[in-house]
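Since this is a predicted model, take the numbers as computed values, not measurements.
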Amino acid sequence: MNIKGLELSELESLVKAEGEPTYRGKQLFSWIHQKWVANYDEMTNLSKKTRETFSKTWPILNLPIDRTQRSEECDTVKYLFKLPDGEGVETVLMYFDNRLTVCLSTQAGCAYGCVFCASGVLGWKRNLDTWEIVDQVIQIQKKQKDRISNLVFMGTGEPLNNYDNVLKAIRILHHSMGLGIGMRHITLSTVGLVPMIKRLADEGHPIRLAVSLHAPNDSIREKLMPINKKYKIAELLEACAYYQSKIKRRMTFEYTLINEINDSPSLAHELAKVLKGMRCHVNLIPLNPMDEYPHRAPSSKKVNAFVAILEEHGIPTTVRQERGQDISAACGQLRRFVMKEGR
Ligand code: SAH
């Protein structure tokens, strides 16, 4: 167990159990999450004895950076972290306007096998621990002069399939004595796990929910995303409506556009019909090609036509500019590249 994965209240109970005053818990939390120290020796307001006791029972582990790649435009940096068991996870830092956004991974590998996604190709390995999620942000923050303002859970893995660790990491990263990242600046993207969307709604945090839809009907969605066999679109949209009834925020539907598969004008009309009445926004992602999936992104003319139809129906639509394609930053591709190469 790494001390980085503990919430303030847990740290407070821990120091109490060690016979220390409760305020030590706040000191520890702030050293770790606000000053990003790598070891106890840096905690100068703690006695030598306290530091020794804690370093024996509660070691501080730090995720080492295995590789870094910077895109040519320098607006995207990708980090590959090495986990203690030899697994790797990738995390991407993006500069948008004046904001620093970090795209986090939540699992080593992914169990959902969406046909166009690199993360699932090698299957699911394991859930990341809370500290392994938190430390992706700490290690990147340490290297920046500006503060990280936004988090997106869109890296490798399905965040709602590692629910407890992800939610705990969010509470730690949000805490005002730590990085203090606003809940409204956090986006969680899901393949569409219906019961978990409802559970997240009941937490009441104003997190922005993004749902990977990719098709307006079950027959196409099922071919792209095996999860659709379990949760059909109607049921998924019902869970989304529940989320909106609890969390009063516009949500996002992600739609990866694949040439000749889900990009026709009639599907755009169908999508608009399906989303009618939802307070939402559609984010179109032109397919990022990968070897295992022999398709490509539609032409920009087709993408624009798709956008125009959705907007005609009053649905705000954006097209995601894939960043860092030159460094295979998109969608789990670095991790897979390294695994394929053989470490
Ligand atoms: N498990 C979460 C996070 C996945 S990654 C989810 O399914 O939402 C974030 C988004 O990128 C998802 O919408 C995913 O479907 C999409 N994506 C994955 N691989 C892609 C590719 N090769 N091209 C375009 N979008 C892709």
Side-chain angles (χ1 to χ4, degrees), residues 71 73 75-76 94-97 99 101 103 114-118 150 152 154 184 187-192 197 208-225 227-228 232-241 243-244 247-290 293-326 329-331:
S71 71
E73 305 81 36
D75 60 356
T76 308
M94 296 167 282
Y95 300 80
F96 289 107
D97 308 327
R99 282 175 304 158
T101 299
C103 175
C114 301
V115 296
F116 49 82
C117 178
N150 293 64
V152 295
M154 291 188 184
R184 295 184 161 269
T187 300
L188 186 148
S189 175
T190 176
V191 76
I197 291 175
R208 184 187 284 272
L209 182 68
V211 170
S212 297
L213 195 59
H214 307 319
N217 60 56
D218 289 323
S219 68
I220 297 179
R221 192 167 189 267
E222 200 168 290
K223 287 192 194 112
L224 300 174
M225 308 177 73
I227 190 65
N228 200 76
K232 303 280 180 237
I233 291 177
E235 206 185 339
L236 175 58
L237 294 178
E238 202 184 287
C240 294
Y243 192 85
Q244 287 198 310
I247 312 295
K248 313 248 177 277
R249 292 198 69 183
R250 188 187 290 277
M251 57 171 296
T252 300
F253 288 100
E254 290 155 292
Y255 193 107
T256 293
L257 277 173
I258 311 165
N259 193 46
E260 308 276 305
I261 301 285
N262 63 356
D263 64 339
S264 71
S266 69
L267 289 174
H269 285 289
E270 195 178 336
L271 179 63
K273 213 166 139 194
V274 163
L275 297 182
K276 203 171 172 196
M278 279 269 181
R279 269 187 63 232
C280 68
H281 148 260
V282 170
N283 191 208
L284 298 172
I285 318 169
L287 179 74
N288 242 296
M290 64 156 182
Y293 187 62
H295 291 275
R296 46 194 180 84
S299 65
S300 51
K301 201 172 151 210
K302 279 167 111 181
V303 173
N304 292 339
F306 206 92
V307 174
I309 294 169
L310 292 177
E311 291 196 327
E312 212 176 273
H313 286 275
I315 298 179
T317 306
T318 47
V319 179
R320 190 198 291 177
Q321 294 304 326
E322 263 319 333
R323 284 160 171 264
Q325 272 193 0
D326 56 326
C331 313

Rounded to the nearest 0.5 Å, how far apart are [atom1] of [X] and [atom2] of [Y]?
X    : Y    : atom1 : atom2 : answer
T317 : H281 : OG1   : NE2   : 7.0 Å
S266 : I309 : OG    : CD1   : 8.5 Å
M251 : L188 : CE    : CG    : 11.0 Å
I233 : S219 : CD1   : OG    : 8.5 Å
L224 : C117 : CG    : SG    : 12.0 Å

Of all heavy-atom pairs between [X] and [Y], which one has the smallest distance, and what is that distance?
X    : Y    : answer
S189 : E254 : OG-OE1, 2.7 Å
H295 : P289 : O-CB, 4.3 Å
I261 : L267 : O-CD1, 4.0 Å
N217 : I220 : OD1-N, 2.9 Å
P298 : V303 : O-CG2, 4.0 Å
I197 : Y243 : O-CD1, 3.7 Å

Flag if over 12 foreign heavy atoms under 6.0 Å of CZ, R296 = no
Have a look at P316 and tell me which of E311, R250, R279 forms a side chain to side chain contact (heavy atoms under 4.5 Å, CB included) with it.
-> R250
Side-chain heavy atoms of [X] within contact of [Y], under 4.5 Å:
X    : Y    : value
N259 : L287 : no
Y293 : I258 : yes
N288 : T256 : no
L271 : L213 : yes
K276 : H313 : no
H214 : K223 : no
R221 : K232 : no
K273 : P216 : no

What do the steps show when you test L209 against I247 for side chain to side chain contact (heavy atoms under 4.5 Å, CB included), and what is the final call?
-> CA-CA 9 Å; L209 182 68; I247 312 295; over 6 Å; no
CA sep, side-chain torsions, deciding dist, call: V152, M94, side chain to side chain contact (heavy atoms under 4.5 Å, CB included) = CA-CA 10 Å; V152 295; M94 296 167 282; 4.3 Å; yes
Please state whether the rings of Y255 and F306 are parallel, tilted or perpendicular, taking 30° and 60° as the class boundaries.
-> tilted
Take V274 and L237 through the test side chain to side chain contact (heavy atoms under 4.5 Å, CB included) and record every step on the way to the result.
-> CA-CA 9 Å; V274 163; L237 294 178; 3.3 Å; yes
So L257 and I285, side chain to side chain contact (heavy atoms under 4.5 Å, CB included) or not? Walk me through it.
-> CA-CA 6 Å; L257 277 173; I285 318 169; over 6 Å; no
